[in-house]
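First the structure, in the form of structure tokens, and then the observations on it.
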Amino acid sequence: MNTRPITHQLVHITYRLFDSINSLALAELGEQFEHASNEVKARYHQRDRQPTSLRHQAYRAEMRQVNMAYYLSYERLLDGMTDGPFFLADPRAKKIVIDSWLHIGRQYDLSIYAICVMSNHVHVLLRANDVNACIDLEMLMERHKRFTGRKINELHDAKGRRVWAEDPFDKDVRHGKFGLVLNYILNNPKKAGITDDILNFSGTWWDPRLEQEYITPLRRTQCSACGRPKRAPHAI
């Protein structure tokens with residue numbers, strides 16, 4: 001796990017249920033990522049990867065593309081699974097996860113901007129409110145997973161069942177990309193084919209402060225799409 005702390009930097013965290021991705025598929029994806037990363041590194045001398053180098057920004061941009069490709073492939077694996085655990089589909093389990101994050105936000109003075117609990121994984125968009133904050137992400141995730149795992153197992157009468165995988169994926173959100181990442185998280189249920197009514201999905205929560213600037217326009221777009229007449233099929 002990436003053990004960097006939670007700071008005032010906006011971060012998007014994704015984590016999943018244990019055994020929600022086939023281990024062979026995950027290993028193959030990891031090999032592809034390592035190969036792509038090494039190809040980028042091979043194009044840049046060690047000195048060009050240093051922050052003082054004129055080529056550093058180009059190197060970082062290529063590595064961001066590699067990381068994004070890996071993340072999107074990781075997401076496709078999760079969304080495309082047809083077997084494995086899906087017990088987060090239970091709205092009561094979703095509520096346990098959401099309530100835990102809201103409690104964590106109050107406890108550690110975090111701004112939790114959005115949460116999306118899918119059937120086998122979770123998205124969270126957050127940052128620390130204090131510009132000098134340095135919160136141990138690994139510790140926070142361990143506490144969250146321990147608490148929610150116990151509660152979900154109690155809910156399903158499944159004592160001792162392993163709930164969470166150990167490999168959360170966290171990435172910084174670059175300046176100016178907040179709306180893009182927020183829309184990605186909120187649209188996750190639609191992308192996965194679960195629902196078109198993303199704003200009434202039981203696993204979605206957003207900060208009420210986002211309503212006017214981000215949610216209202218999204219709601220208008222959704223209503224417009226729902227009211228649009230369907231196109232007639234092409235004649236054969």
Side-chain angles (χ1 to χ4, degrees), residues 1-16 26 29-30 32-34 36-41 43-44 48-79 97-98 100-102 104-105 107-118 121-145 164-188 191 204-207 209-210 213-214:
M1 175 179 177
N2 189 339
T3 56
R4 66 181 177 180
I6 294 176
T7 65
H8 193 59
Q9 168 68 46
L10 191 66
V11 64
H12 174 195
I13 301 170
T14 305
Y15 59 106
R16 62 186 180 89
L26 193 59
L29 181 60
Q32 293 169 12
F33 171 72
E34 185 175 1
S37 297
N38 288 337
E39 281 191 332
V40 173
K41 291 175 183 177
R43 291 195 291 271
Y44 293 85
D48 294 328
R49 303 178 212 160
Q50 304 304 313
T52 54
S53 169
L54 294 176
R55 301 192 69 201
H56 178 66
Q57 290 300 323
Y59 167 71
R60 286 192 63 188
E62 287 199 44
M63 288 303 296
R64 278 197 299 267
Q65 291 179 349
V66 169
N67 280 307
M68 181 55 69
Y70 171 81
Y71 177 76
L72 293 176
S73 296
Y74 179 88
E75 274 277 287
R76 282 193 292 270
L77 282 177
L78 284 167
D79 290 337
V97 173
I98 291 171
S100 174
W101 276 113
L102 298 182
I104 286 170
Q107 184 177 14
Y108 291 94
D109 192 24
L110 307 177
S111 281
I112 311 288
Y113 293 109
I115 306 165
C116 184
V117 185
M118 301 289 286
H121 66 286
V122 181
H123 294 271
V124 187
L125 183 62
L126 59 81
R127 67 154 40 109
N129 291 321
D130 187 343
V131 294
N132 298 312
C134 186
I135 301 165
D136 189 330
L137 174 58
E138 185 171 10
M139 173 273 296
L140 187 150
M141 290 300 301
E142 285 178 355
R143 291 183 178 180
H144 167 72
K145 287 180 175 181
W164 299 110
E166 296 180 355
D167 58 344
F169 191 106
D170 61 283
K171 58 186 185 296
D172 289 341
V173 177
R174 288 184 292 151
H175 180 71
K177 301 296 183 181
F178 177 87
L180 185 67
V181 176
L182 177 67
N183 282 336
Y184 177 86
I185 291 173
L186 296 180
N187 276 285
N188 216 246
K191 179 175 66 70
T204 297
W205 180 93
W206 61 83
D207 187 328
R209 293 175 296 178
L210 303 180
E213 185 173 358
Y214 295 99

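Just the heavy atoms: all of them, side chains too, but no hydrogens, waters or symmetry mates, feed the values below.
Considering only residues two or more places apart in sequence or on other chains, Ser111 meets the side chain to side chain contact (heavy atoms under 4.5 Å, CB included) condition with Tyr113, Arg127, Asn129, Arg209. Scanning for ring-ring contact (aromatic ring centres under 6.0 Å, His included) contacts around Tyr15 gives His144, Trp164, with sequence neighbours left out. Annotation: side chain to side chain contact (heavy atoms under 4.5 Å, CB included) contacts of Asn38 (sequence neighbours excluded): Glu34, Lys41. Under the rule for a ring-ring contact (aromatic ring centres under 6.0 Å, His included), Trp206 has no partner lying at least two apart in sequence or in another chain. For Ala36, the side chain to side chain contact (heavy atoms under 4.5 Å, CB included) test picks out Val66, with sequence neighbours left out.
The shortest non-hydrogen separation linking Gln9 to Val173 is NE2-O, 2.8 Å. Considering all non-hydrogen atoms of both residues, Lys145 and Ala165 come closest at NZ-O, 2.7 Å. Nearest approach of Leu182 to Ala114, heavy atoms of both residues: CD1-CB, 3.5 Å. Nearest approach of Ser73 to Leu29, heavy atoms of both residues: CB-CD1, 3.5 Å. Closest heavy-atom contact between Cys116 and Thr204: SG-OG1, 3.9 Å.
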- Query: Checking side-chain contact (heavy atoms from CB on, under 4.5 Å) for the pair Val11/Leu137: CA distance, chi angles, key distance, verdict?
  - Reply: CA-CA 11 Å; Val11 64; Leu137 174 58; 5.9 Å; no

- Message: Arg43 vs Asp48, test: side-chain contact (heavy atoms from CB on, under 4.5 Å). Steps then yes/no.
- Response: CA-CA 9 Å; Arg43 291 195 291 271; Asp48 294 328; over 6 Å; no

- Check the pair Asp79 / Lys191 against side-chain contact (heavy atoms from CB on, under 4.5 Å), numbers first and verdict last. CA-CA 8 Å; Asp79 290 337; Lys191 179 175 66 70; 2.6 Å; yes

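Interatomic distance, Asp207 CG to Tyr214 OH, rounded to the nearest 0.5 Å: 11.5 Å. Atom CG of Asp109 sits about 11.5 Å away from atom CD1 of Ile6, to the nearest 0.5 Å. With rounding to the nearest 0.5 angstrom, the CD atom of Glu39 is 10.0 Å from the CD atom of Glu62. Rounded to the nearest 0.5 Å, atoms CG (Leu77) and NE2 (His121) are 11.0 Å apart. Note that the CG atom of Asn183 and the CZ atom of Phe178 stand 9.5 Å from one another [nearest 0.5 Å]. The distance from atom CG of Leu125 to atom OG1 of Thr14, rounded to the nearest 0.5 Å, is 10.0 Å.
Under a cut-off of 6.0 angstrom, the local environment of CZ in Arg55 is crowded, with over 12 non-hydrogen atoms contributed by other residues, nucleotides or ligands.
The closest side-chain heavy-atom distance from Leu78 to Met118 is not below 4.5 Å. With contacts defined as side-chain heavy-atom distances shorter than 4.5 Å, the pair Leu126/Ile104 does not qualify. In this structure, the side chains of Trp101 and Trp205 stay at 4.5 Å or more apart for every pair of heavy atoms. Side-chain contact between Val181 and Leu10: absent, with no pair of heavy atoms (C-beta onward) separated by less than 4.5 Å.
In this structure, the ring of His12 has its center less than 6.0 angstrom from the ring center of Tyr71.
For residues 172-185, the salt bridge (charged side-chain N to carboxylate O under 4.0 Å, His left out) pairs, not counting sequence neighbours, are Arg4-Asp172.
Put simply, the side chain of His123 never gets that close to the backbone of Ile115: no donor and acceptor are under 3.5 Å apart. In this structure, Gln50 contributes its side chain and His56 its backbone to no donor-acceptor pair below 3.5 Å. For Ser53 (side chain) and Arg49 (main-chain N/O), no donor-acceptor pair under 3.5 Å exists by modelled atom type.
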